[in-house]
Amino acid sequence: MKWSQTFIPTLKETPAEAEIPSHKLLLRAGLIRKLAGGIYTLLPLGLRACEKVERIVREEMNRAGAIEVRMPALNPRELWQRGPRWDAAQRVMFAASPADGSKVAPGGELVLGPTHEEVITSLVADEIRSYRDLPKNFYQIQTKFRNEIRPRFGLMRAKEFVMKDAYSFDLNEEAAVRSYEAMRAAYQRIFERCGFGPQQLKCVWADSGVMGGKYSQEFMVPAESGENEIAFCEKCSYVANIEKAQSRLARMEDGEAPGHIEKFPTPGVKTIEDLTKPPFLVAADRQIKTLVFICDSKPALVLMRGDHPLNEVKLAAATGAIEFRPARDEEIVSLMGAHAGSLGAVGKKGIPIYADEALRGRFNMVTGANEDGFHVRGVCVERDIAVTKWADLRSVGAGEPCPECGAPLRIQRAIELGHIFILGTKYSEKLNARYLDEKGQTHPCVMGCYGIGVTRTMAAVVEVFNDKDGIKWPMSVAPFHVCITLLDTHKEAPAKIAQELHDALERAGVEVILDDRDERPGFKFKDADLVGFPIRVTVGEKSLAKGGVELKLRATGEMRLLPPAEAVEEIVKRAKA
RNA sequence: CGGGGCGUAGCGCAGCUUGGUAGCGCGCCUGCCUUGGGCGCAGGAGGUCCCGGGUUCAAAUCCCGGCGCCCCGACCA
């Protein structure tokens with residue numbers, strides 16, 4: 001391939017819209033262009049890199065025994081309505097209505113698939129009858145559509161993106177776990193092959209969210225620009241998404257025995273911190289924080305230790321609510337009879353009360369009296385408060401003890417590249433994906449689902465592998481293995497040798513681009529560094545006079561002068577490694 | 001959707017406070033020159049100043065209303 005015959009619009013300056021390194025570099029190196037917010041064109045180099053990731057994914061999925069299919073992106077709305085999560089799913093889904101505004105096409109309304117549990121499960125429901133047909137694991141690499149509330153960071157969170165999604169169907173839970181484990185191993189290999197080393201890839205415990213199901217893990221790449229936070233142990237192997245992470249807390253000393261409840265005036269006190277100051281001097285870890293939430297339009301109280309932050313994902317998991325929000329001031333007053341700052345759950349009835357585990361067994365606590373300007377002390381949580389449900393509701397903090405070994409936890413931002421779930425029978429029961437066992441008994445299939453953001457993975461590679469000059473592609477996903485930088489384009493000898501080099505490499509199966517543009521050397525070097533080809537070969541009169549061509553590695557800066565034939569040999573070796 | 005910022009040539013920006021001439025760098029085109037880290041010189045093309053309305057003799061600039069983009073939060077591959 002000749003540079004002049006493809007399309008690589010590099011930019012010297014960074015477009016103002018880009019914030020994070022990968023977004024800036026994908027734009028500057030000419031891999032992507034924006035059509036609209038969260039909607040991108042993959043230019044030739046971007047497409048090539050994306051296809052490299054796809055190829056790795058495909059090879060590893062096939063190796064793991066998954067079967068490739070391609071499901072439609074256009075889905076009947078009716079199918080989704082029959083599924084188990086329509087209420088939660090519809091707000092991220094695009095509807096595909098006739099563009100002329102006419103009502104409904106014959107055959108019913110259509111939506112664009114944000115993921116495909118419903119579609120694959122209905123296929124399996126139609127086609128799979130016997131235990132002899134199982135297990136099966138179907139996957140596809142396909143464009144997904146999500147009405148992201150806030151697209152962000154270029155390809156990191158887009159409304160339209162390429163995803164690999166896989167769905168396993170098994171006889172029972174035990175077999176489903178085997179399928180899950182096979183996928184986990186495949187994912188590990190996929191991301192390693194994309195260039196991520198042990199320090200750059202973490203498989204973490206995660207919340208299952210609206211997917212539902214037993215448990216899930218995410219594949220995370222630590223990066224400042226990541227949208228997730230993970231907590232990990234410095235000593236042992238414990239790693240979890242902050243939405244799931246736990247920690248071992250020191251026991252609190254509450255005194256000899258629970259005392260009696262006593263109301264006391266606290267004029268002007270509005271916050272936890274106010275109460276810690278003179279004249280009150282109530283430590284934050286001795287206070288109960290009372291929060292009011294509206295869960296699926298019904299109020300609920302959430303109780304936390306005064307110094308603990310609520311984790312809303314954990315709250316969602318505990319309540320099972322699809323939509324929830326903090327209550328507004330007027331709702332709080334009408335419900336509690338006091339303003340935020342003086343709220344408490346003591347004696348409250350007729351409203352669900354969710355309490356964080358850290359409050360279990362605590363006494364001699366202080367909380368609001370539900371009367372502005374008053375608090376109560378001597379509260380014994382289990383004696384005085386009618387807790388509906390105990391749950392882990394707090395976010396762990398950096399430095400807290402690891403739940404497994406007690407060493408301090410650290411917290412780091414990370415990019416989620418893949419997510420694997422054990423789903424159970426949530427979809428198969430609702431959509432009737434059942435099989436007959438050897439005794440003629442009917443059972444729902446036990447499912448798992450497994451996703452990889454393909455375009456996001458490409459962006460994450462750029463996010464991790466770059467320097468001030470540009471991208472540093474790992475060989476496995478680079479759009480081209482090698483760039484031949486031809487200098488002295490008008491001179492016969494360099495041009496001829498560059499062309500021969502190019503042809504020899506291509507014959508050897510190396511992906512090579514020949515920079516044949518009539519530009520100055522510095523300009524071409526800058527472009528090659530920016531795009532980030534793992535190997536650059538410089539061919540010019542100067543190098544030829546010294547006896548060969550110059551081979552330079554982008555990752556290390558290592559440079560060698562070699563005769564053309566040896567250069568070919570060396571490049572083939574490295575490209576195939 | 002809540003909060004913040006921005007919208008002027010392909011890209012990066014100035015001009016706006018205090019209304020009157022739309023400007024700079026890069027890129028692009030032509031010619032000369034040059035060829036090992038985004039050369040040099042000369043000439044040139046390119047703008048509904050996001051859109052609509054208003055104020056005014058006059059609006060990029062002031063006012064009102066939209067739209068778009070980016071960032072922080074809730075969602076997620």
Side-chain angles (χ1 to χ4, degrees), chain A residues 9-20 23 27-28 33-39 53 57 88-89 91-93 114-116 141-166 187 206-211 216 218-221 225 227-228 241 243 312-313 315-316 322-326 328 415-421 449-460 469-470 485-491 494 518-530 536 538-546 550 552 559:
Chain A
T10 58
L11 301 171
K12 196 186 257 182
E13 288 176 290
T14 305
E17 70 199 37
E19 191 81 5
I20 67 169
H23 190 195
L27 287 167
R28 283 194 55 210
R33 283 295 182 267
K34 183 175 74 179
L35 175 64
I39 306 176
V53 175
V57 168
R91 86 189 122 142
V92 300
M93 292 176 70
T115 167
H116 281 69
I141 297 172
Q142 186 218 31
T143 300
K144 294 287 189 275
F145 300 87
R146 290 189 191 174
N147 188 15
E148 290 292 344
I149 307 160
R150 180 149 102 84
R152 239 198 291 222
F153 299 151
L155 295 185
M156 285 294 180
R157 173 175 303 282
K159 290 183 179 169
E160 178 178 337
F161 60 98
V162 177
M163 175 166 150
K164 187 285 302 179
D165 44 326
Y187 273 41
D207 178 74
S208 300
V210 294
M211 280 294 187
S216 77
E218 293 164 324
F219 286 80
M220 294 280 199
V221 170
S225 60
E227 299 184 71
N228 301 269
N241 191 310
E243 299 166 352
E312 297 197 0
V313 174
L315 178 61
I322 290 170
E323 201 137 27
F324 68 95
R325 59 173 173 83
R328 287 186 280 269
I415 302 165
E416 178 190 351
L417 297 188
H419 200 160
I420 58 180
F421 301 77
C449 73
Y450 318 94
I452 290 179
V454 172
T455 32
R456 180 185 287 179
T457 297
M458 176 175 89
D469 293 319
T485 301
L486 168 61
L487 309 180
D488 310 306
T489 45
H490 299 300
K491 303 288 170 57
D518 181 22
E519 292 288 353
R520 298 178 60 80
F523 185 89
K524 298 172 99 166
F525 291 147
K526 287 286 184 192
D527 261 1
D529 287 347
L530 176 60
R536 187 183 82 204
T538 309
V539 183
E541 289 198 306
K542 214 173 255 187
S543 68
L544 293 178
K546 283 191 279 184
E550 252 170 44
K552 185 170 183 184
M559 189 138 67

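Proteins get letters first, then strands, A, B, ... in listed order; numbering begins at 1 in each. Keep in mind that what you see is a predicted model, and the values were worked out from it rather than measured.
Judged by distance alone with a 3.5 Å cut-off, a donor-acceptor contact links the side chain of Arg536(A) to the base of rG37(B). For Asp488(A) against rG36(B), no side-chain N or O and base N or O form a donor-acceptor pair under 3.5 Å. Not a single donor-acceptor contact under 3.5 angstrom links the side-chain atoms of Glu541(A) to the base of rG36(B). Judged by distance alone with a 3.5 Å cut-off, a donor-acceptor contact links the side chain of Lys552(A) to the base of rG37(B).
Side-chain proximity of Lys526(A) to the nucleotides rU34(B), rG37(B), rC76(B) is greatest for rG37(B). Here the nucleotide nearest the side chain of Arg150(A), chosen from rG73(B), rU35(B), rC69(B), is rG73(B). When distances are taken from the side chain of Pro521(A) to each of rG38(B), rU35(B), rC69(B), the shortest belongs to rU35(B). In this structure, of rG38(B), rG12(B), rC76(B), it is rG38(B) that holds the atom nearest to the side chain of Arg28(A). Closest to the side chain of Lys34(A), out of rC75(B), rC69(B), rG36(B), is rC69(B). Nearest to the side chain of Ala36(A), among rC39(B), rC1(B), rC69(B), sits rC69(B). Of all nucleotides listed (rG27(B), rC13(B), rC11(B)), rC11(B) comes nearest to the side chain of Pro15(A). For Arg456(A), the listed nucleotide lying nearest its side chain is rA77(B); candidates were rC70(B), rA77(B), rU35(B). Side chain of Glu17(A), nearest nucleotide from rC26(B), rU35(B), rC70(B): rC70(B). When the nucleotides rC71(B), rC13(B), rG36(B) are ranked by their closest atom to the side chain of Lys542(A), rG36(B) comes out on top.
Rounding to whole angstrom units, CG of residue Asp518(A) and P of rC32(B) are separated by 13 Å. Rounded to whole Å, atom P of rC75(B) lies 16 Å from atom CZ of Phe153(A). Counting to the nearest Å, the P atom of rC72(B) and the CD1 atom of Ile149(A) are 15 Å from each other. Between Glu312(A) atom CD and rC76(B) atom C1' the separation is 16 Å, expressed in whole Å. Atoms CG (Leu35(A)) and P (rC69(B)) sit 10 Å apart, rounded to a whole Å. The distance between atom NZ of Lys12(A) and atom C1' of rC11(B), rounded to the nearest whole Å, is 11 Å. Residue Glu148(A) contributes atom CD, which lies 9 Å from atom P of rA77(B) at whole-angstrom precision. When the C1' atom of rG37(B) is taken as reference, atom CG of Asp469(A) falls 10 Å away, rounded to whole Å.
Remark: rU34(B) base-pairs with no nucleotide; criterion is Watson-Crick or G-U wobble with both hydrogen-bond distances under 3.5 Å. Summarising the base pairing, rG73(B) is matched to rC1(B) through a Watson-Crick or G-U wobble pair whose two defining distances lie under 3.5 Å. Across every strand in view, rC67(B) sits in a pair with rG7(B) that passes the Watson-Crick or G-U test at under 3.5 angstrom. In this structure, rG43(B) forms a base pair with rC29(B), meeting either the Watson-Crick or the G-U wobble geometry with both donor-acceptor distances under 3.5 Å. Applying the Watson-Crick and G-U wobble criteria (two distances, each under 3.5 Å), rC62(B) pairs with rG54(B). Checking rC24(B) for Watson-Crick or G-U wobble geometry (two distances, each under 3.5 Å) identifies rG12(B) as its partner.
Residue contacts for Thr14(A): at a heavy-atom cut-off of 4.0 Å it reaches the sugar-phosphate backbone alone, with no base atom in range. Within 4.0 Å of Asp165(A), counting heavy atoms only, lies no atom of the nucleic acid at all. Residue-level contact check: Thr457(A) touches neither bases nor backbone, having no heavy atom under 4.0 Å from any strand. Ala16(A) comes within contact range of the sugar-phosphate backbone alone, with a heavy-atom separation under 4.0 Å but no base atom that close. Within the 4.0 angstrom heavy-atom criterion, no nucleotide atom of any strand lies near Tyr187(A). Among the heavy atoms of the strands lying under 4.0 Å from Glu550(A) is at least one base atom, whether or not backbone atoms are also near. Among the heavy atoms of the strands, none lies under 4.0 Å from Ala545(A).
Under the rule for a salt bridge (Lys or Arg N to Asp or Glu O under 4.0 Å), the partners of Lys34(A) that lie at least two apart in sequence or sit in another chain are Glu17(A). Remark: Lys12(A) engages no residue in a side chain to side chain contact (heavy atoms under 4.5 Å, CB included) (not counting sequence neighbours).
Between Arg152(A) and rG73(B) there is a side-chain N or O to OP1 or OP2 distance below 4.0 Å.
The P atoms of rA60(B) and rG23(B) are separated by 13 Å, rounded to the nearest whole Å. The C1' atoms of rG46(B) and rG25(B) are separated by 16 Å, rounded to the nearest whole Å. Comparing the P positions of rG54(B) and rC16(B) gives a spacing of 26 Å, expressed to the nearest Å. Comparing the P positions of rG66(B) and rU56(B) gives an interatomic distance of 23 Å, to the nearest angstrom. When the P atom is compared between rU17(B) and rC64(B), the two are found 15 Å apart, to the nearest whole Å. One P atom belongs to rG52(B), the other to rC6(B), and the distance between them is 22 Å to the nearest Å. rA74(B) and rC49(B) have their C1' atoms separated by 36 Å, given to the nearest Å. Taking atom C1' in both rU48(B) and rA59(B), one finds a spacing of 15 Å when rounded to whole Å.
Both geometric conditions, a ring-centre gap below 5.5 Å and a plane tilt below 30°, are not fulfilled together for Phe525(A) over the base of rG38(B).
A perpendicular orientation is assigned to the rings of Tyr187(A) and Tyr450(A), their planes being inclined by more than 60° (bins at 30° and 60°).
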- Item | Verdict with supporting geometry, Asn241(A) and Met220(A), side chain to side chain contact (heavy atoms under 4.5 Å, CB included) | CA-CA 9 Å; Asn241(A) 191 310; Met220(A) 294 280 199; 3.5 Å; yes
- Message: Between Thr143(A) and Glu160(A), does the side chain to side chain contact (heavy atoms under 4.5 Å, CB included) criterion hold? Intermediate values first, please.
- Response: CA-CA 7 Å; Thr143(A) 300; Glu160(A) 178 178 337; 3.3 Å; yes
- Item | side chain to side chain contact (heavy atoms under 4.5 Å, CB included) assessment of Asp469(A) paired with Phe525(A) | CA-CA 10 Å; Asp469(A) 293 319; Phe525(A) 291 147; over 6 Å; no
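The residue among Asn228(A) and Gly37(A) whose nearest nucleotide of RNA chain B lies closer to the 5′ end is Gly37(A). Both Arg157(A) and His490(A) lie close to RNA chain B; mapped to their nearest nucleotides by heavy-atom distance, the more 5′-ward contact belongs to His490(A).
Thr14(A) OG1 to Arg28(A) CZ: the interatomic distance, rounded to the nearest 0.5 Å, is 5.0 Å.
Classification of Lys542(A) and Asp488(A) as a salt-bridged pair fails, no side-chain N sitting under 4.0 Å from a carboxylate O.
Leu487(A) has its side chain out of reach of Pro494(A): every pair of non-hydrogen atoms, C-beta onward, lies at least 4.5 Å apart.
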